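Structure record follows, encoded as C-alpha cells.
Note that the coordinates shown come from a computational prediction; the quantities given were computed from them, not determined experimentally. We name chains A, B, ... by the order of the sequence lines, and we start the count at 1 in each one.
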Amino acid sequence: MPELPEVQTVLTTLQPRLLGLRIERVEVFLEKIIKSPHPREFVAWLQGRSITGLGRRGKYLLLELDGTHLLAVHLRMTGRLVYSNPDTPRDKHTHLVFYLNNGDELHYHDLRKFGTMNLMLIDEFAAFCSQKDLGPDALDPDLTKELFEKRFQGRRGQIKKLLLNQSLVTGIGNIYANEILWRARIHPERTVQSLASVDMEELYRAMRSVLQEAVAGRGTTLRDYVDGEGNPGSFQSQLAVHGREGEPCPECGKEIIRLKTGGRSAFVCADCQPQTKRSEV
DNA sequence: CAGGTAGCCTGTTAGC
DNA sequence: TGCTAACAGGCTACCT
C-alpha cells in the first residue's frame, strides 16, 4: 500500500499526537508482524519508553524511543497505524495495540498481514538500511539530479522496474512509478540504456514534482490507505494514468492502456510515452 | 543477467 | 444471485 507520500502523511498526522507520550504497555495479537527482536523482547523493550521523535526513510516509518531505540514500521500493502481512543473497537485485523500514558492507543491494523516491525538501537539503523540495501529517499534534498542520474548509470533493464527498486532510490511504488513515467513522457518498458541524459533529467523532475504534489494531497487512497487519524488521502483525484485504463490521457486525450510488466500493472498513454527514443519519433 | 512467477494474506470485483 | 478467478499499492526467493 503506502508509498512515500502516504507514509509521510501518516508521519505528519501522528507526530503532534504521539510526541512526548510514553508507551505503557503493548499487546501483540499477531506475532509474525514482529521481525526483530523476538516478540517477547520486543514487548519488553518497548514498555515504559517515551516517543522522542518520528521520522521516515522511503516507505519505513520510524519511531524514536528514549533517544536510544528505533521502531521501524513498514506498512507494505494494507498496513495502517492509527491513533485511537480507548473506546475505538478493535477488529480482527488489529494486530498490535500500543497503550499510551494519556489513556489513548495506537493501533496497528493490517488486512493482508504483510507489514513488518523491527525494533533496534538507533546505532543499528545504518546497518539495517544497508542490509535492506536502501538507496537515498526519493525526496531527500541531498539527492541532486546528478546523484540521481549516477545511481542509474551502469544499470540495465526496464526503467519502471528500476524505479521500483528501493536500492536505487527508496519510496516509489507502483502508483507513483506509473505517474512519474507518464509525467516524464517515458514508456515503462524503455531500458535505462536507451534513455538519454535529457530523459533522466525529465525523470528526476517528474519524480520530485509528482511526489511533492502527492504529499500535498495527503496521499492516494484507492482502497485501504488511511493516515494516522484514520482519514483517506485525496491525491487519487489527481492521478493522470494509474487505474485509468480506457479513460482519456489528460494531456492528449488518447485512451490510456494497461500493460503488464514485471508482474505489475503499468498504465500508459501510448502517444505521450512512445517506446522509441524522443529523437527517433 | 533480465525477466517472469509464486508466495505471503484477505477482501473486492469482474465475468460467467 | 451465486460461484470462481483475477486482482490489489510491497517485497523476496526462486526459476528459466
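The CD-C1' distance, from A:Gln131 to C:dT12, rounds to 12 Å in whole Å. Distance A:Ile159 CD1 to B:dA2 P: 13 Å, rounded to the nearest Å. Following rounding to the nearest Å, A:Leu111 (CG) and C:dG9 (P) show an atom-to-atom distance of 15 Å. Nucleotide B:dT10 holds its P atom 13 Å from the CG atom of A:Asp91, rounded to whole Å. Protein atom CD1 of A:Ile33 is 9 Å distant from nucleotide atom P of B:dC9, rounded to whole Å. As rounded to whole Å, 16 Å separates atom P of C:dA6 from atom CD of A:Glu245. In this structure, A:Asp133 atom CG and C:dA13 atom P are separated by 12 Å, rounded to whole Å. Rounded to an integer number of Å, the gap from CZ of A:Arg244 to C1' of C:dA8 is 17 Å.
Taking side-chain N and O atoms only, A:Thr261 has no distance below 4.0 Å to OP1 or OP2 of B:dG3. Between B:dT10 and A:Lys113, a contact under 4.0 Å exists linking OP1 or OP2 to a side-chain N or O. A close approach under 4.0 Å does not occur between any side-chain nitrogen or oxygen of A:Lys132 and OP1 or OP2 of C:dT12. Contact check, A:Lys260 against C:dA8: a side-chain N or O comes under 4.0 Å of OP1 or OP2. Phosphate proximity of B:dG3 to A:Lys160: absent, as no side-chain N or O sits under 4.0 Å from OP1 or OP2. Note on A:Arg258: a side-chain N or O is less than 4.0 Å away from OP1 or OP2 of C:dA8. A sub-4.0 Å separation between OP1 or OP2 of B:dC9 and a side-chain N or O of A:His93 is absent.
With no hydrogens or angles considered, a side-chain donor-acceptor pair links A:Ser36 and A:Asn118 at under 3.5 Å. Side-chain contact, A:Glu3 with A:Tyr225: no donor N or O sits under 3.5 Å from an acceptor N or O. A:Arg258 and A:Ser265 form a side-chain donor-acceptor contact under 3.5 Å, judged by distance and modelled atom types alone. At a cut-off of 3.5 Å, with distance as the only test, a side-chain donor of A:Asp110 or A:Thr78 sits close to an acceptor on the other residue.
Looking at heavy-atom distances under 4.0 Å, A:Thr220 makes contact with a base.
Here C:dA8 is the nucleotide among B:dC8, C:dC11, C:dA8 with the atom lying nearest to any side-chain atom of A:Arg223. Of the candidate nucleotides C:dG9, B:dG11, C:dA8, C:dA8 has the atom nearest to the side chain of A:Arg112. With C:dG9, B:dG3, B:dC9 as the choices, the nucleotide that has an atom nearest any side-chain atom of A:Gln158 turns out to be B:dG3. You'll find that the side chain of A:Lys161 is closest to B:dG3, out of B:dG11, C:dC11, B:dG3. In this structure, the nucleotide among B:dG3, B:dC1, C:dG9 sitting nearest to the side chain of A:Arg156 is B:dC1.
The side-chain ring of A:Phe114 is stacked on the base of B:dC8, judged by centre separation under 5.5 angstrom and plane angle under 30 degrees.
A salt bridge (charged side-chain N to carboxylate O under 4.0 Å, His left out) with A:Arg183 is found for exactly one of A:Glu202, A:Glu251, A:Glu213, namely A:Glu213.
Aromatic rings of A:Tyr60 and A:Phe125 (six-membered ring for Trp) have centroids beyond the 6.0 Å cut-off, not under it. Not less than 6.0 angstrom separates the ring centroid of A:His95 from the ring centroid of A:Phe29.
In this structure, the side chain of A:Ser234 engages the main chain of A:Gly217 through a donor-acceptor pair within 3.5 Å. At distances below 3.5 Å, at least one donor-acceptor pair connects side-chain atoms of A:Thr144 with backbone N or O atoms of A:Leu147.
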inquiry  = Reading 5' to 3' and counting Watson-Crick or G-U wobble pairs with both distances under 3.5 Å, write the dot-bracket notation for DNA chain B, | for bases paired outside the strand.
reply    = .|||||||.|||||||
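B:dG4 and C:dC7 are spaced 15 Å apart, taking the P atom of each and rounding to whole Å. Distance noted for atom P between B:dT5 and C:dA6: 13 Å (whole Å). Taking the P atom of each, B:dG11 and C:dC11 are spaced 23 Å apart, rounded to whole Å.
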